[in-house]
Amino acid sequence: MPKQPQCPPEDQIIAGGGAYDQRHYEDHPDLGTGLISYEHAISPRSFELEREAIFRRAWLNVGHELRLPKVGSYFTKEFEILNTSIIVVRGKDQAIRAFHNVCPHRGNKLVWEDHPAKETYGKAMAFFCKYHGLGFGLDGNMEVLRDPDNWFGSQGCDLHLVEVQVELWNGYIFVNFNPGGPPQSLREYMGEHIWSALDDVPVELFTEQVLGKGEINSNWKTLHDAFSEAWHGSVLHSETMVNMRNVVFRAPPSRFDGPHRTAVACGTVPEGVYTFDIERVSRSSVTGTQIPPAQKIDPPRAAFGSGQQDWVAVTFTVFPNFQLQIYAPGWINTYNYWPLAHNRMRFEINQYFQPARNFSELFSQKTGTGIVLDNVLQDLGTLEATQRGLESRVYEEYPLIDEEHNIRHFHKEIDKWIRAYEEGIEANA
């Protein structure tokens, strides 16, 4: 049974002051303490292996059902690493489905606007091919067959879009491309701990969404690593966290459930953490808005058990590339990391809020979004330098400190999934 992550006593927390001498490797001795290789972050062959071993087999988050508010609402999603695109749509029966974004007649990409490589969204009751005008319903079946007498037998009427397996977790949409279907349901894949992690969080109230994305010349795992430890905070973010310059951040132990993990940040946001006047006026800082929403969020029991503790954030990581953070007093961040090449990635950062009740709350939310994104840009600002340094191959292996145990676990799982693929077995079975 994985160990439940627990915060140390308040006077032993350094993410805000005090001493913290707990050693993570003692809780997870199987992770080891040796040097690790980053060859898989700079090798085109590793990129190809990750395509088949991980991204074609794992459950992948593609967004939230908030993007599909009505029948016919849809969005497209590009999976460059899999050389495919999908349409995610809400059907007439309110079910959410996904289909490969390819016309079954001559292979034209079915739904696109300005450029076929760009994602799009909208509302439609059928999808029409720009090439020959064939129309397909929200269930993927043929609805408009042009020139029906010109088809051989039932070939035209039998055309339909290829469906992709879809399951939902608290409104978050996941798809799976495993050949022959996923060996596990999404619930089985996540495990009961992650699956029930949001049971006591009123996620249905977080209806305000801010979406952001971009691309950068870096391996996807490098950004994942940056968001998996806090040790860099007082150095990299010193410009926006000047009151934290002399603080050494420490993280309490994480809980590992197979390839997934739960990590907690304990303590309280200290008074005077605000760096700029706009933060003081808006009551929003690097940890986001500090104004409690209409329904304040208690510490999720999945992270803290039944005990009530001071907390800053909880991060649930669903392998391989999805992270969800719940912040006190109540807002949600999600991160997706998408490989484009062995040295290029697309990142997506989505923020979810409860509706603001007045201008002060709206001002705090908007300011918090900007401050958080500003700090994310600081994280992104080091990635190309990291990629160039790794590609120089000056060092064959690198040390990880005890604080970086989440990174060690993640890379161990990457290696495990690739080995399982090469041996013809399921890594997460």
Side-chain angles (χ1 to χ4, degrees), residues 23-58 60 80-82 216-232 235-236 251 253-254 256-261 263 315 317-323 335-347 379-428:
R23 306 294 282 177
H24 301 301
Y25 76 88
E26 295 174 352
D27 290 323
H28 307 289
D30 57 308
L31 296 183
T33 58
L35 305 180
I36 73 166
S37 169
Y38 270 87
E39 182 64 24
H40 51 64
I42 58 179
S43 165
R45 180 178 182 275
S46 293
F47 174 79
E48 297 298 330
L49 284 172
E50 289 173 356
R51 176 202 309 275
E52 302 302 328
I54 298 174
F55 285 88
R56 203 177 296 280
R57 283 163 168 73
L60 306 172
E80 290 86 351
I81 190 170
L82 298 177
I216 194 165
N217 294 324
S218 167
N219 186 270
W220 68 282
K221 297 183 292 295
T222 309
L223 181 56
H224 177 282
D225 289 356
F227 287 166
S228 297
E229 52 91 2
W231 197 46
H232 67 273
V235 177
L236 182 59
S254 296
F256 300 135
D257 291 273
H260 320 296
R261 69 175 182 266
T315 302
T317 300
V318 180
F319 186 86
N321 67 330
F322 177 66
Q323 290 181 310
Y335 303 91
N336 299 82
Y337 315 104
W338 297 107
L340 301 179
H342 73 279
N343 58 0
R344 188 162 181 80
M345 67 163 294
R346 181 175 68 250
F347 57 89
D379 289 303
L380 294 170
T382 65
L383 293 188
E384 292 193 9
T386 299
Q387 190 69 26
R388 287 173 177 266
L390 293 174
E391 290 182 355
S392 71
R393 290 185 168 86
V394 171
Y395 304 102
E396 294 183 359
E397 294 181 308
Y398 293 85
L400 293 177
I401 65 170
D402 192 51
E403 163 67 18
E404 296 166 319
H405 64 297
N406 288 328
I407 299 174
R408 193 181 294 276
H409 170 259
F410 175 64
H411 287 269
K412 182 177 181 180
E413 288 296 325
I414 293 287
D415 294 338
K416 174 185 174 182
W417 278 62
I418 290 176
R419 285 197 309 272
Y421 167 70
E422 292 177 326
E423 295 171 4
I425 60 177
E426 291 294 336
N428 202 48

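Only heavy atoms go into these numbers, but all of them, side chains included; no hydrogens, no water, no symmetry mates. As the structure is a prediction and not an experimental result, all values here were calculated from the model. Residue indices begin at 1 and follow the sequence shown.
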Side chains of [X] and [Y] in contact at under 4.5 Å (non-hydrogen atoms):
X: Asn219; Y: Met345; result: no
X: Phe256; Y: His405; result: yes
X: Pro259; Y: Ile414; result: no
X: Pro320; Y: Trp417; result: no
X: Tyr421; Y: Ile54; result: no

request  = Please assess Ser218 against Glu384 for the test side-chain hydrogen bond (donor to acceptor under 3.5 Å, both in side chains), listing each intermediate value before the final yes or no.
outcome  = CA-CA 6 Å; Ser218 167; Glu384 292 193 9; over 6 Å; no

Over all heavy atoms of both residues, which pair between [X] and [Y] is shortest? Give the atoms and the distance, please.
X: Ser228; Y: Gln323; answer: OG-NE2, 3.8 Å
X: Arg51; Y: Glu80; answer: NH1-O, 4.1 Å
X: Tyr398; Y: Gly389; answer: OH-O, 4.3 Å

Quick one: side-chain contact (heavy atoms from CB on, under 4.5 Å) partners of [X], sequence neighbours excluded?
X: Ala226; value: Leu223
X: Leu35; value: Glu397, Pro399
X: Asp415; value: His40, Arg419
X: Glu391; value: Ile42, His342, Asn343, Gln387

Return the [atom1] to [atom2] distance between [X] and [Y], rounded to the nearest 0.5 Å.
X: Ile81; Y: Leu60; atom1: CD1; atom2: CG; value: 9.5 Å
X: Asp379; Y: Thr222; atom1: CG; atom2: OG1; value: 12.5 Å
X: Leu383; Y: Ile216; atom1: CG; atom2: CD1; value: 4.5 Å
X: Arg261; Y: Thr315; atom1: CZ; atom2: OG1; value: 8.0 Å
X: Asn406; Y: Thr317; atom1: CG; atom2: OG1; value: 7.0 Å

Qualifying residues under ring pair (Phe, Tyr, Trp, His ring centres under 6.0 Å), relative to Phe347, sequence neighbours excluded = none

inquiry  = Classify the ring geometry of His224 against Tyr337: parallel below 30°, tilted from 30° to 60°, perpendicular beyond 60°.
reply    = perpendicular

task = Look at the aromatic rings of Phe55 and Trp338 and report parallel, tilted or perpendicular, splitting at 30° and 60°.
result = tilted

Hey, is the main chain of [Y] close enough, under 3.5 Å, to the side chain of [X] for a donor-acceptor pair?
X: His260; Y: Val318; result: no
X: Ser43; Y: Glu39; result: no
X: Arg57; Y: Glu52; result: yes

Tyr38 ring center near His411 ring center (under 6.0 Å) = yes

inquiry  = Suppose the criterion is salt bridge (Lys or Arg N to Asp or Glu O under 4.0 Å): which pairs have a residue in residues 404-414, not counting sequence neighbours?
reply    = Asp30-Lys412

